[in-house]
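This report concerns only the one structure given below.
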Amino acid sequence: MHLLGPDDLDAASIGAYLDLARHYAEEGTRSDALSGRIVATAFFEPSTRTRLSFEAAAHRLGADVIGFADAATTSGAKGETLEDTGRILGGFVDLLVMRHPEEGSAARVAAVAGIPVVNAGDGGGYHPTQTLVDLYTIRQRFGSLAGRSVAVVGDLRYGRTVHTLLPALREVGATAVSVPCPGLGLPPDLSSLAPETDLDGALASCDVVYATRVQRERFTDAAAHADAETAVRIDRARLEAAGFDGIVLHPLPRRGELAQDVDSHPAANYFEQARNGVAVRMAVLSRLLEESP
Ligand code: NCD
């Protein structure tokens, strides 16, 4: 079993991951469920939260971890294909967590590695473990997912977290609207899942505002979106003016789109969201390696 994208996140799987994550959050600060297993983290792109929360999760379950966070140190720099790197790692470890700038890269590796593969971000594609973290945080705050309303805000064209979250919200019976930066709306295959609105409309009607960073590293023409962050900026004054009483999430890192003065507002839930990453990734590792607590 792999965790690559929305196809691996039907309602039953989401429920299983979130229940297991809650178990780890409540009871399991450490266990030896994965003792003797080896997890590899292969990161061809920058990461702080995803890689380190996966590594913390593996250590908390008693697994060993190997990996790299700088692709320049690997044989990819000598021209090795991603598939060959995947085959080799498949012979060394029991599960591979990978992040890579090309869409579809994790699926390509999953087809040849012979071990479970977790997509920790494939370019502007998908990021399914972030979606589980997002859903976990929404459920933690509201008690359920069905019927919740979520506004996804920011760079919706390249944002892989949103591309994975929207189909998952549909699976669990939640609704969505979108507030894109100008020129950075949802890809056509996702646009029907979240009709466009404006930020004040979203603040007036949604339980969750999900802010995202402008993915400048994916732009071919950076100048075309020079002011993107400021177009849909969330700050404390705006939340107060709207009387917003839901929660603000953000996968982080943030830039100008989410002001620091939101941090002390009761709606701010993004640091809690990041903390939830460890319990959720403990659930992902143990479920994919079929080792329940
Ligand atoms: C996100 C990502 O890598 O897609 N970060 C994360 O994993 N929390 C969001 C982003 O980089 O903007």
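Atoms within each ligand, like the ligands themselves, are counted from 1 in listed order. Excluded from the calculations below are hydrogen atoms, water molecules and symmetry mates; all remaining heavy atoms, backbone and side chain alike, are included. As the structure is a prediction and not an experimental result, all values here were calculated from the model.
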Could you check whether S31 and R60, counting side-chain N and O atoms only, form a donor-acceptor pair closer than 3.5 Å?
no
Under a 4.0 angstrom heavy-atom cut-off, which atoms of ligand 1 come close to T50?
6 (C), 7 (O)
E257 and H250: which non-hydrogen atoms are nearest, and at how many Å?
OE2-NE2, 2.7 Å
Please table the atom pairs, donor to acceptor, closer than 3.5 Å between any side-chain atom in residues 112-120 and protein atoms at least two apart or in another chain.
{"from": "N119", "atom 1": "OD1", "to": "G121", "atom 2": "N", "distance (Å)": "2.8"}
{"from": "N119", "atom 1": "OD1", "to": "D122", "atom 2": "N", "distance (Å)": "3.3"}
{"from": "N119", "atom 1": "ND2", "to": "L4", "atom 2": "O", "distance (Å)": "2.9"}
{"from": "N119", "atom 1": "ND2", "to": "D122", "atom 2": "OD1", "distance (Å)": "3.0"}
{"from": "N119", "atom 1": "ND2", "to": "Y126", "atom 2": "O", "distance (Å)": "3.3"}

Check: R139/S144 side-chain N/O donor and acceptor closer than 3.5 Å:
no
Which of the numbered atoms in ligand 1 are below 4.0 angstrom from a heavy atom of Q130?
6 (C), 7 (O), 8 (N)
Option of least heavy-atom distance to atom 2 (C) of ligand 1 (set: R160, E45, R255):
R160
Could you tell me which atoms of ligand 1, counted from 1 in the order shown, lie closer than 4.0 angstrom to a heavy atom of R213?
10 (C), 11 (O), 12 (O)
Under 3.5 Å, N or O to N or O, is R99 touching ligand 1 that way?
yes
Ligand 1 atoms in contact with H127 (distance to a heavy atom under 4.0 Å)
2 (C), 4 (O), 6 (C), 7 (O)
What part of T212, side chain from CB on, backbone N/CA/C/O, both or neither, has a heavy atom under 4.0 Å from ligand 1?
neither
Give the numbers and elements of all ligand 1 atoms closer than 4.0 Å to a heavy atom of L252.
1 (C), 5 (N), 6 (C), 8 (N), 9 (C)
Is it true that R87 and D84 make a salt bridge, defined as a side-chain N closer than 4.0 Å to a carboxylate O?
yes
Looking at ligand 1, is there an atom of it that comes within less than 4.0 Å of some heavy atom belonging to P253?
yes
Once side-chain hydrogen bond (donor to acceptor under 3.5 Å, both in side chains) is applied, do any residues pair with R213, and if so which ones, sequence neighbours excluded?
Q215, E217
Please could you name the atoms of ligand 1 that T161 approaches to less than 4.0 Å, counting only its heavy atoms?
1 (C), 4 (O)
Stepwise salt bridge (Lys or Arg N to Asp or Glu O under 4.0 Å) check, R108 with E102
CA-CA 10 Å; R108 279 165 47 206; E102 287 170 33; 2.8 Å; yes
